[in-house]
Asker: 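Pasting in a structure now, in structure tokens, and then I'll have a few things to ask.
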Number of protein chains: 2
Amino acid sequence: MDFKLHNTDTRTGARTGEITTDHGKIKTPIFMPVGTLGSVKGIHQRELKEDINAEIILGNTYHLYLRPGLDVLEQAGGLHKFNGWDRPMLTDSGGFQVFSLAANRKLTEEGAIFRSHIDGSKHMFTPENVMDTQRIIGADIIMAFDECPSGTASYEYAKNSLGLTQRWLDRCVARFDSTKAKYDYSQTLFPIVQGCVYKDLRIKAAEHAASLNREGYAIGGLAVGEPAEDMYEMIEVVNEILPEDKPRYLMGVGTPINILEAISRGVDMFDCVMPTRNGRNGMIFTSEGTMNMRNQKWVNDFSPLDSNGTSYVDSFYSKAYVRHLIRANELLGGQICSIHNLAFYLWLVREAREKIEDGTFYEWKNIMVEKLGRRL
Amino acid sequence: MDFKLHNTDTRTGARTGEITTDHGKIKTPIFMPVGTLGSVKGIHQRELKEDINAEIILGNTYHLYLRPGLDVLEQAGGLHKFNGWDRPMLTDSGGFQVFSLAANRKLTEEGAIFRSHIDGSKHMFTPENVMDTQRIIGADIIMAFDECPSGTASYEYAKNSLGLTQRWLDRCVARFDSTKAKYDYSQTLFPIVQGCVYKDLRIKAAEHAASLNREGYAIGGLAVGEPAEDMYEMIEVVNEILPEDKPRYLMGVGTPINILEAISRGVDMFDCVMPTRNGRNGMIFTSEGTMNMRNQKWVNDFSPLDSNGTSYVDSFYSKAYVRHLIRANELLGGQICSIHNLAFYLWLVREAREKIEDGTFYEWKNIMVEKLGRRL
């Protein structure tokens, strides 16, 4: 993997750049749609490319390890071959899911023992086997295995947790660097900077991660219940330390406003289930604010779903039709809103990129943050 | 509406023809995807056109009357404008749903009183107001309001029911002919021939319907629990009587085998929820037989979903991937199987049409019926 930093905004920490992987290039800042089980929920791969303009998508190690399982993925020749997505992919390490989804989890120095949320079967994730698993899944960018404490963890808990995460990170790096890609393209490992909302822990974590000299870095454990201001502060603290010439990925974040604020603090990569999850519930994000498509307000509004929207669903379907579909629990309603939201997120980061390049990001961001906070 | 009968098979009752409506032409035999609430479940309108090659779709009067309701549909300018489908549409009359879905229904000479399956609200359908409702929905082809007895109804019940259905049919015709289309295109009313599995009742019903000299006719009350052989016999009895130069629509039928058998008995139009409903459950129909995508058999079969399939999903997605999606309850699995199944049904009727035209329908149908009955 290679990263070229292009422009850095003069009034904010925002930057543009380009990541090159063996599956193609990614212009940053970028948003990555989440394909938990190897599919972005309700969206065809063709739509991801042609309507949403996704440049890279995510897969979830925990989910893919359980279903379809490593045997199938290895026989397929990796996740790209399995799901037909031939552009770059990234997998998380399963850390977050082990701590949020799995049952009866038990943490040891060695790793995490847990029971599957599907059939209760017992499994163990270690830094080593999670590297091996991500070698098999075969994403271009893979993540270190970490503990994800809650947003309200005490300092004591967070400090001990970070110690474990750092020791695990060293083991991840050792395992990753002593193994080879399984398929005919290369993979890269991003460390994850943890430390909850504690500045000194974040500094320690970022310094440790930076010292490992990897091709990119992730910031984890944010947007897990802490105030947004704390999140922004932690991003600033961490990005002060992470090397400028490497991409920075803020995991699992967030609203369009969160994304613009994080871009302005030097983040390059994002993922979040919000566009699809909220979309399935009929909530859409637009450049003028959010809309709850269930509202009576749209009952006979036959104007296009989003006249500023860039995707075909925005002009083809009306607000009244989408409201009807969402209220009647018709699958198509969630599909339309998911396509809209993902296309909007991708538009937002493309637009941010342009504004950074032409030097107007600061003014644009302030206007957008105000608009994005509106409820239409 | 206009119908031109093209070819009639010499060895069976199969025919080809072309229906012309103000929203375009339909080549028969044709299968019509069901868009219950104004959307074919899980399928974008663009996919219906470009991937499935649907020439006409259905809407359900009962469902659309309840949601979004007539006010919205009228303000939209009819269902075509509301859902963006600009090719022909057909609506059923709601008779079937009143008798299968609604609660507390009460039948009188005047009409059917029932409670909504959604909110328990009380409604009455009469032949007159169902005509008015279908004027508002605005389908190109609309259906008479009828009673739909079960497939196991006694002769006595069926006879009385048919009497009512015939009196209602006369009232439908009177109302339809004394009202005008609400929008700038014409509509046509198809009578529905009922009579359960009783030959004399079917004859009586078909003669009555034929005497009304409409532009097309429907056969209802079949595939509701009676043996397939009874269904085929009733189709033969009815099609002996219905005018040759008018299209014949067999409502709610059925499997691919049912469709070929009915085509060979002179039916021109079909609709059924099976391709989408079974598709959402992971059951697909192919030219070599049916496949249950949940089966272990497909776990590492990375070959295309259906190498004989005509839709992009057939070559883009593998059996193993679709199996994974279906087993993991991923929305995309149902979407893929629904697109596949609808494209297959449309392929089947196009193929039947070609075989009728080139005089090989009889042999082809026999081979296909054997293949379609296989489980892969």
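Each chain gets a letter, A, B and so on, in the order the sequences are listed, and its residues count up from 1. Just so it is clear, the model here is predicted, and its values are computed rather than measured.
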Asker: Just give me the residue among B:Val40, B:Val299, B:Asp51 that pairs up with chain A most often, heavy atom to heavy atom, under 4.5 Å.
Answerer: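 Among the listed options, the one with the most contacts to chain A is B:Asp51.
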Asker: Under 4.5 Å, counting heavy-atom pairs only, tell me which of B:Tyr312, B:Tyr317, B:Phe316 racks up the most with chain A.
Answerer: B:Tyr312
Asker: Within a strict 4.5 Å, meaning less than it, do heavy atoms of the B:Arg280 and A:Leu331 side chains meet?
Answerer: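 Yes, side chains in contact.
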Asker: If you apply the rule side chain to side chain contact (heavy atoms under 4.5 Å, CB included), what do you find for B:Thr286 with B:Asn308, and how did you get there?
Answerer: CA-CA 8 Å; B:Thr286 80; B:Asn308 298 320; over 6 Å; no
Asker: Among all residues two or more places apart in sequence or in another chain, which pass the ring pair (Phe, Tyr, Trp, His ring centres under 6.0 Å) test with B:Phe302?
Answerer: none
Asker: If the contact rule is any heavy atom under 4.5 Å from chain B, which residues of residues 61-71 of chain A qualify, in numerical order?
Answerer: A:Arg67, A:Pro68
Asker: May I ask you to test the B:Asn292-B:Arg375 pair for a side-chain heavy-atom distance under 4.5 Å?
Answerer: no
Asker: Using non-hydrogen atoms and a 4.5 Å limit, figure out which bit of A:Val322 sits close to chain B: side chain, backbone, both or neither.
Answerer: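 When you check distances to chain B, no heavy atom of A:Val322 falls under 4.5 Å.
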Asker: What residue, out of A:Glu47, A:Arg323, A:Lys81, has the most heavy-atom pairs lying under 4.5 Å from chain B?
Answerer: A:Glu47
Asker: Would you mind reporting whether B:Pro33 and B:Ile57 have side-chain heavy atoms less than 4.5 Å apart?
Answerer: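 They are in side-chain contact.
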Asker: Which of the residues B:Thr36, B:Leu37, B:Ile118 is involved in the greatest number of heavy-atom pairs with chain A at under 4.5 angstrom?
Answerer: B:Leu37
Asker: Are A:Ser303 and A:Lys319 close enough that some pair of their side-chain heavy atoms sits under 4.5 Å apart?
Answerer: yes
Asker: Which one, A:Arg327, A:Glu330, A:Arg46, A:Gln45, leads in non-hydrogen pairs under 4.5 Å with chain B?
Answerer: A:Arg46
Asker: So do the side chains of A:Val98 and A:His123 get within less than 4.5 Å of each other, counting heavy atoms only?
Answerer: no
Asker: In terms of heavy-atom proximity below 4.5 Å to chain B, should A:Ser318 be classed as side chain, backbone, both, or neither?
Answerer: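 For A:Ser318, the side chain is the part near chain B, not the backbone.
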Asker: Who pairs with B:Gln75 by side-chain hydrogen bond (donor to acceptor under 3.5 Å, both in side chains), at least two apart in sequence or on another chain?
Answerer: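 For B:Gln75 the side-chain hydrogen bond (donor to acceptor under 3.5 Å, both in side chains) partners, ignoring immediate neighbours, are A:Asn300.
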Asker: So do A:Gln134 and A:Ser93 actually touch side chain to side chain, heavy atoms under 4.5 Å?
Answerer: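 SC-SC contact between A:Ser93 and A:Gln134 confirmed.
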Asker: Does anything in residues 334-346 of chain B reach chain A? List residues with heavy atoms under 4.5 Å apart, or say none.
Answerer: B:Gln335, B:Ile336, B:Ile339
Asker: Working note: B:Met143 + B:Thr91, criterion side chain to side chain contact (heavy atoms under 4.5 Å, CB included); need CA distance, chi angles, decisive distance, verdict.
Answerer: CA-CA 6 Å; B:Met143 291 292 133; B:Thr91 40; over 6 Å; no
Asker: Is the ring centre of A:Phe82 less than 6.0 Å from the ring centre of B:Tyr321?
Answerer: yes
Asker: Is a donor from one side chain sitting under 3.5 angstrom from an acceptor on the other, for B:Asp140 and B:His80?
Answerer: yes
Asker: Examine whether an atom of B:Leu325 lies under 4.5 Å from a heavy atom of chain A, and if so say whether it belongs to the side chain, the backbone or both; otherwise answer neither.
Answerer: side chain
Asker: About how many Å separate CG of B:Asp314 and CG of B:Asp306, when rounded to the nearest 0.5 Å?
Answerer: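 Output value for this atom pair is 5.0 Å.
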